[in-house]
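Structure, as structure tokens:
As the structure is a computational prediction, the values presented were derived from the model and not from experiment. Positions are given from 1 along the sequence.
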Amino acid sequence: MTSMRFVDTRGNLPKGVSFTKAVLDGLAPGGGLFVPESVPALSLQQICDLADLSYAQRAAQVYRAFRIDLDDALVDELCARAYGDNFDDERIVPLVKVEDGIHVIELWHGPTSAFKDMALQCLPLFFTASAQRQASDGRNAGRRFILVATSGDTGKAALAGFANVEGVDVGVLYPDGGVSDIQFKQMATQTGDNVAVWGVSGNFDDCQTGAKAVFADADFARQLENRHGVSLSSANSINWGRLMPQIVYYLSAYAQMVREGTIAPGDPVDVCVPTGNFGNILAAYYAKTMGAPLRLLMCASNENRVLCDFINTGLYDISNRPFVKTPTPSMDILVSSNLERQLFELTDRDPAAIASWMSDLRENRAFRVDRDTFTRVREHFRADSVGNDECLDVIRSVHERCGYLLDPHTAVAYRVAERLRDPDVPVIVASTAHWAKFGDNVYRALHGMRSGEDLPADIASLTGCQLNALVAREANASAVPAGLASLDDTPIRFTEVIEGATADIEQAISAYLSGKQV
């Protein structure tokens with residue numbers, strides 16, 4: 001069977017590339033994103049039959065459906081390694097009924113307690129296998145420097161996944177002061193001789209824009225190759241290798257609901273996702289396109305509601321939009337990179353339209369899609385936003401009502417699901433992080449405090465780990481994951497803060513690589 005080719009959303013490639021090439025390069029030439037040349041279809045029976053398999057086997061089935069250029073036996077092996085005892089629940093992604101008609105998929109049982117582990121325990125293995133495949137085909141894959149911009153969770157998941165992986169270095173950019181104490185310590189304490197972490201003066205969009213500018217700098221790419229023998233790549237969700245594993249858990253969740261008798265095969269289910277960079281909800285769209293009977297995809301925004309406004313109006317406008325810090329920092333994003341892939345699919349894959357809109361966004365900080373494309377957006381998506389105080393109210397009310405403790409991001413999605421759902425259609429809420437990653441705001445929620453309100457002095461003096469232990473006791477919650485509970489005892493390795501300009505990021509990368517070669 002011929003392997004799938006991967007094409008460029010902006011049409012800058014004369015022909016598609018292999019899966020392994022797309023994974024290694026991360027970003028297409030000219031700034032476009034890789035997508036499969038076609039989306040494979042699974043029958044309803046094939047989807048329901050996933051419930052008979054382990055989660056690792058479900059993932060392998062999806063990889064094979066995309067006809068990637070790696071042997072089936074190797075795919076099985078890599079998925080088994082990605083989804084094993086590195087997760088604290090043998091189900092990998094438990095499906096939990098919280099209330100009648102509302103289920104959550106817990107995507108945070110991996111080593112860093114966030115949904116990014118679902119992809120970033122997988123991507124490093126496939127990255128290495130892709131490099132080996134390219135080498136075996138006579139193409140020198142070379143050493144790679146993986147540059148990651150993070151709003152909090154991706155950074156740690158990438159560091160943990162790629163730490164000490166041969167042939168790879170990884171550098172993470174995070175907004176200084178824009179992540180939780182726990183998120184900062186997770187990154188700053190990361191072990192490994194191939195990792196680097198930099199705070200950036202600014203917000204996540206500054207990190208992401210700076211990283212994209214580095215990728216687009218051909219002179220810097222030549223400098224890295226000539227001086228260090230290194231090529232750039234990405235582990236953000238702009239890399240298709242990050243996105244594809246996320247499709248699995250939506251297909252898996254549907255199969256589980258059928259197996260448990262919650263729905264009959266073919267019954268519709270809605271999905272609600274807390275969304276910042278649009279990758280997680282885009283994965284649900286691809287699961288739907290592959291054949292899962294997902295009806296509406298609900299986009300849940302915080303006060304940075306650019307995606308919500310776009311889905312409701314067809315206008316994506318950040319020209320005069322303030323950036324708001326919220327209790328949900330992983331969603332504090334104004335430039336949602338994966339929307340480009342979604343629009344590519346909804347325009348019947350029109351690269352000229354995508355290139356034009358992305359140019360408008362870059363030059364004018366806004367674009368408006370045409371009427372036909374907007375109609376298609378509305379066929380699949382609904383959207384709403386949740387304010388900061390309301391987010392905390394949801395955490396408290398769900399805990400009081402159901403005894404279930406949500407993190408702030410999941411709380412945003414939970415409230416949007418409550419507002420937008422049809423009572424006759426079950427909804428799956430994507431639970432994207434363990435509550436203990438954001439213990440300060442969970443404490444505020446449980447104590448009826450407002451967002452941003454100063455914690456009492458005795459509480460404010462606690463470390464993030466100490467505060468989490470207190471919340472767990474007060475809320476009668478399960479034990480805090482070991483990787484979060486032990487952070488106070490782990491040495492801080494990385495404290496450097498840089499500016500977000502392209503030259504500053506490039507200088508930091510060059511200094512890191514030069515130091516490694518001393």
Report task. Spell out, as yes or no, whether a donor-acceptor pair under 3.5 Å connects the side chain of Asn468 to the backbone of Ala436. Result -> yes
Report task. Start with the C-alpha distance between Thr209 and Asp206, add both sets of side-chain angles, then the distance that settles side chain to side chain donor-acceptor pair (under 3.5 Å), and finish with yes or no. Result -> CA-CA 5 Å; Thr209 299; Asp206 297 316; 5.9 Å; no
Query - CG-CG distance between Leu232 and Leu147, expressed to the nearest 0.5 angstrom - result: 6.5 Å
Requested in this report: State the OG-CD distance between Ser397 and Glu390, to the nearest 0.5 angstrom.
Outcome: 9.0 Å
**Report entry** 4.5 Å side-chain heavy-atom contact, Ser201 and Val497
**Finding:** yes
**Report entry** Validation row: Phe494, Met187 side chains within 4.5 angstrom (heavy atoms)
**Finding:** no
Requested in this report: Go through the side-chain N and O atoms of Ser237 and Asn338 and say whether any donor and acceptor fall under 3.5 Å apart.
Outcome: yes
Query raised in the report: Using a distance-only test with no angle check, is there a side-chain donor-acceptor pair under 3.5 angstrom linking Asn304 and Asp332?
Result: yes
Report task. Would you confirm whether Asp117, through its side chain, and Ser113, through its main-chain N or O, come within 3.5 Å as a donor-acceptor pair? Result -> yes
Report task. Working to the nearest 0.5 Å, report the span between CD of Glu106 and OG of Ser431. Result -> 6.0 Å
Report task. Return yes if some donor-acceptor pair links the side-chain N/O of Arg376 with the main-chain N/O of Leu346 below 3.5 Å, else return no. Result -> yes
Query raised in the report: Is there a side-chain contact between Asp176 and Trp198, using heavy atoms and a 4.5 Å cut-off?
Result: no
Query raised in the report: Do His399 and Tyr404 make the cut of ring centroids closer than 6.0 angstrom?
Result: no
Query raised in the report: Does the gap between the ring centers of Phe127 and Phe162 come in under 6.0 Å?
Result: yes
Query raised in the report: Are the side chain of Arg419 and the backbone N or O of Ser385 linked by a donor-acceptor pair below 3.5 Å?
Result: yes
Query raised in the report: Would a 4.5 Å heavy-atom cut-off, applied to side chains only, mark Asn388 and Lys325 as touching?
Result: no
Query - Geometric class of the Phe87/Tyr83 ring pair [parallel <30°, tilted 30-60°, perpendicular >60°] - result: tilted
Query raised in the report: In Å and rounded to the nearest 0.5 Å, what is the NZ to OG distance from Lys185 to Ser486?
Result: 11.0 Å
Query raised in the report: Just by modelled atom types, is the Ala82 backbone N or O under 3.5 Å from a matching donor or acceptor in the Asn86 side chain?
Result: yes
Query - Distance-only donor-acceptor check, side chains Gln208 and Ser337, under 3.5 Å - result: yes
Query - Under 3.5 Å: donor-acceptor pair, side chain of Tyr512, backbone of Asp169 - result: no
**Report entry** Minimum side-chain heavy-atom gap Arg382-Cys299 below 4.5 Å
**Finding:** no
Query raised in the report: When rounded to the nearest 0.5 angstrom, what distance separates NZ in Lys288 from CZ in Arg295?
Result: 9.0 Å
Query raised in the report: Got a donor-acceptor contact below 3.5 angstrom from the Thr328 side chain to the His409 backbone?
Result: no
Report task. Answer yes or no: is there a donor N or O on one side and an acceptor on the other, between the side chain of Ser359 and the main chain of Ala355, under 3.5 Å? Result -> no
Requested in this report: To the nearest 0.5 Å, tell me how far Ser356 OG sits from Phe367 CZ.
Outcome: 10.0 Å
Query raised in the report: Taking the side chain from Arg242 and the backbone from Val23, do they hold a donor-acceptor pair closer than 3.5 Å?
Result: no
Report task. Please examine the side chains of Leu470 and Ile459, heavy atoms only from C-beta on, and report whether any two atoms are closer than 4.5 Å. Result -> yes
Query raised in the report: If you draw a 6.0 Å radius around CD in Glu474, do more than 12 non-hydrogen atoms from other residues or ligands fall strictly inside?
Result: yes
Query raised in the report: Do Phe438 and Trp108 have ring centres separated by under 6.0 Å?
Result: no
Report task. Taking the side chain as every heavy atom from C-beta outward, state whether Ile263 and Tyr254 have any atom pair closer than 4.5 Å. Result -> yes
Query raised in the report: Which of parallel (below 30°), tilted (30 to 60°) and perpendicular (above 60°) describes Phe278 and Phe381?
Result: tilted
Query - Side chain proximity check, Asp389 to Glu453, heavy atoms < 4.5 angstrom - result: no
